[in-house]
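Data first, discussion second: the structure below is written as structure tokens.
Just so it is clear: chains get the letters A, B, ... in the order the sequence lines come, proteins before strands, and each one is counted from 1.
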Amino acid sequence: MSRIAELFERLRDEGRTALIPFVTAGDPNPDVTVPLMHRMVAAGADLIELGVPFSDPIADGPVIQRATERALAAGVRLRDVLDMVRAFRAENSTTPVVLMGYLNPIEIMGAETFATEAAAAGVDGTLVVDVPPEEAADLAGLLRPQGLDLVYLLAPTSDAERIARIAGVASGFVYYVAVKGVTGAGNLDIDAVGGKLEEIRAQIPLPVGVGFGIKDGPSAARVAAVADAVIVGSAIVQRMEALMEQPARIPDAVADFLRALRQAIDAVDAGKEGA
Amino acid sequence: MATVADEMHEQHAAQAKQTGYHYPDANGHFGRYGGRFVPETLMHPLAELTEAYEHYLKDPAFLAELDNDLRDYVGRPSPLYHAERWSRELGGAQIFLKREDLNHTGAHKVNNTVGQALLAKRMGKTRIIAETGAGQHGVASATVAARMGLECVVYMGEVDVARQQANVYRMRLLGAEVVSVKSGSRTLKDALNEAMRDWVTNIDNTFYIIGTVAGPHPYPAMVRDFQAVIGRETRTQTLERAGRLPDVVMACVGGGSNAIGLFYPFIDDADVRMIGVEAGGEGLATGHHAAPLCAGTPGVLHGNRTYLMEDEDGQIVETHSISAGLDYPGVGPEHAWLKDTGRAEYVAVSDGEALAAFHGLTRTEGIIPALETSHALAYAAKLAPTMRRDQTIVINLSGRGDKDMDTVARLDGIVL
Ligand SMILES: Cc1ncc(COP(=O)(O)O)c(C=O)c1O
């Protein structure tokens, strides 16, 4: 069984919701990332999403755009991100790592090379933001034999037909983008999210993570009440940006924030058990 | 002359027979190029747009309205002008200029914005967004938005805002909000990124008018179809004038909309050579250029697979061209396909060559071309002398040079 499947099976047995932090690999410099990953796990992260820097991140808001620019300026490329995962795996063999990024760096490396090297480095899956199911056949066909999951996005604009299409190809988990917008957008409408998740669950048996617009404990708690995983990106990256000049303080600050999210989520999960 | 509606219909009927060229396929692919590489949020809106477009393309009322607008508002058909003096000076083929510079707003861009704005209105959208490089597409979008009473936001890279001040002011006069984009290389590609981000956020009321044959399906096909009026008129005009088709059709290629607009109706005429001219900047060998077809590699950017200027890690690299409208690291996917199949040829000319042609046409014909267009003129100046006097080249004179006065004056050491 894959690390991702194992994780969600265990969490389901324990009645817990996953906490998935996102950070851009190499932000603000390459030395920060691997130690930060370990600290995030210690602070309650169940799965880590690592952003692969790309020059034209059309789905990202200003916060993650700036993180991407810092990482690129520090020279971080897809190969370096794979090296970071390899280094992480030297000490952690259980926490799943999913790469999140755009197709072009993968395509230029060669999707087959990427699949082999990512699997060898200890990557568990990848979410390619600009690859909808219609364009995914080639990539999926190369990732699957390496045991890598291709994680798909679902959005408020995904109708029943699109949900069905994604149901036919998704693996690992699916990622529901809770707001129409780019990463870091606000206005999470939790009632609308709950309704959409019911639609999604009616067709897709995989765990459903929810991201975009989760900023703090209360919003994490609201999402935990309806989702299998709470995904938090910009709110973490923003805290890192504030400490850009003192990167040594980043792991503590991120760990504190994750612990607060974790507490809020655990409180909701405890309530669910009682119910 | 037949109406645009009749001609569009005929063209599609001919292609439906599939006797010749029939791209893209149902998923927007031109061979291995094109497609729809966008975040999930945009997939449904793109499907809706495709459906609306395919519907109205066959709707007589829509086509009649488009026809009227192109005639009375844009000023079509545009003349096909025989540049006799310039042809004589070059000493070879006869050169004809398809005068898109005489359109309302001064470039071919308005053919497309008129069409997409009509579509936006039919789809009930109240807000228009657009990206722009030289400012021509931004002006053409702001123009149609003003006329239809639609809100308009134009994204423009900070670098381009600085070098195309006059167009920024025009857009603001027309009531558009111009957003100066400060991310990435702060040029056209970043303006496109920002427009996509706006669209994802405001899809319910917003129509994104892409200004060239790039972006996700259906944009490359839709923009081509709106620009193909250029080639259809050219075909009729050359047949009327000379009783035969031109030997060469030629255009500059940024994203490729004026080029495909001219080429498309000639695609099944195997004897007509099609030549696209890219921005060679300071020379292909220097790496400072914007010529992805001549010196790039295939990849995925802005929703489609095409030739790109990118490094060995798949990061998009900065481009350089004297003309803001060609300063783009990608190119429409259909051009990528026409290059690979050999149906069209693509070459590049340098900043200096384009500038020389700019002055050449201005002095011999009294027509001041856009710097973008000057790239096509520069290659014609090289090709014409190698051809016979009874052969013809049609160049798409995609725009007028008024917007470039600052740039050219500065090169002459004059600040206006
Ligand atoms: C006059 C003119 N010609 C050509 C172009 C390049 O665009 P395309 O290659 O889509 O025709 C532009 C773009 O701004 C333009 O203003």
(request) Please report the closest heavy-atom contact between B:Gly314 and A:Phe54, naming both atoms and the distance. (result) O-CE1, 3.2 Å

(message) Shorter than 4.5 Å, heavy atoms on both sides: which option in B:Gly299, B:Pro45, B:Gly303, B:Ser185 has the most such pairs with chain A?
(response) B:Gly299

(request) Heavy atoms only, distances under 4.5 angstrom: which of A:Glu161, A:Arg79, A:Glu69 has the most pairs with chain B? Name it, please. (result) A:Glu69

(request) Mind ranking B:Met43, B:Lys189, B:His302, B:Arg197 by heavy-atom pairs under 4.5 Å with chain A and telling me who comes out on top? (result) B:Arg197

(request) Return yes when atom CD of A:Gln146 has more than 12 non-hydrogen atoms of other residues, nucleotides or ligands closer than 6.0 Å, and no otherwise. (result) yes

(request) Kindly indicate whether the side chain of A:Tyr102, heavy atoms from C-beta on, has any atom under 4.5 Å from the side chain of B:Leu301. (result) no

(request) Would you please test B:Glu40 and A:Tyr152 for side chain to side chain contact (heavy atoms under 4.5 Å, CB included) and show each step? (result) CA-CA 8 Å; B:Glu40 171 65 19; A:Tyr152 288 91; over 6 Å; no

(message) Show, in sequence, the C-alpha distance, side-chain angles and deciding distance for A:Ile58 and B:Trp199, and conclude whether the side chain to side chain contact (heavy atoms under 4.5 Å, CB included) test is met.
(response) CA-CA 10 Å; A:Ile58 55 163; B:Trp199 200 35; over 6 Å; no

(message) Less than 4.5 Å apart, side chain to side chain, heavy atoms only: is that true for B:His44 and A:Asp159?
(response) yes

(request) Side chain from CB out, backbone as N, CA, C, O: work out which of these in A:Ile106 comes under 4.5 Å of a heavy atom of chain B, or both, or neither. (result) neither

(request) Tell me, for B:Pro216 versus chain A, whether the close heavy atoms (under 4.5 Å) come from the side chain, the backbone, both or neither. (result) neither

(message) Checking the side chain of A:Thr157 only, and the main-chain atoms of B:Thr41 only, is there a donor and an acceptor separated by less than 3.5 Å?
(response) yes

(request) Select one option (side chain, backbone, both, neither) describing which atoms of B:Asn202 are under 4.5 Å from chain A's heavy atoms. (result) neither

(message) So, taking the atom named OG1 in B:Thr297 and the one named CD1 in A:Ile108, what distance separates them when rounded to the nearest 0.5 Å?
(response) 5.0 Å

(request) Please assess A:Asn104 against B:Glu310 for the test side-chain hydrogen bond (donor to acceptor under 3.5 Å, both in side chains), listing each intermediate value before the final yes or no. (result) CA-CA 9 Å; A:Asn104 205 48; B:Glu310 57 190 336; 2.7 Å; yes

(request) To the nearest 0.5 Å, tell me how far A:Asp56 CG sits from B:Asn193 CG. (result) 4.5 Å

(request) Using non-hydrogen atoms and a 4.5 Å limit, figure out which bit of A:Leu103 sits close to chain B: side chain, backbone, both or neither. (result) side chain

(request) Go through the steps for B:Asn27 and A:Glu134 under the test side chain to side chain contact (heavy atoms under 4.5 Å, CB included), then give the verdict. (result) CA-CA 8 Å; B:Asn27 298 315; A:Glu134 285 85 343; 5.6 Å; no

(request) Decide if atom CD of B:Glu51 counts as having more than 12 heavy atoms of other residues, nucleotides or ligands within a radius under 6.0 Å. (result) no

(message) Under a 4.0 Å threshold between the charged nitrogen and the carboxylate oxygen, would B:Arg305 count as salt-bridged to A:Glu107?
(response) yes

(request) Please flag which part of A:Pro53 lies under 4.5 Å from any non-hydrogen atom of chain B: side chain, backbone, both or neither. (result) backbone

(message) Distance check, rounded to the nearest 0.5 Å: B:Asp311 atom CG versus A:Ser55 atom OG?
(response) 8.0 Å

(request) Please look at B:Leu308 and chain A and tell me whether the side chain, the backbone, both or neither of the residue comes under 4.5 angstrom of a heavy atom of that chain. (result) side chain

(request) List the steps, then state whether side chain to side chain contact (heavy atoms under 4.5 Å, CB included) holds for B:Val300 with A:Glu135. (result) CA-CA 11 Å; B:Val300 172; A:Glu135 301 286 357; over 6 Å; no

(request) Please state whether the side chain, the backbone, both or neither of B:Ile203 comes within less than 4.5 Å of a heavy atom of chain A. (result) side chain

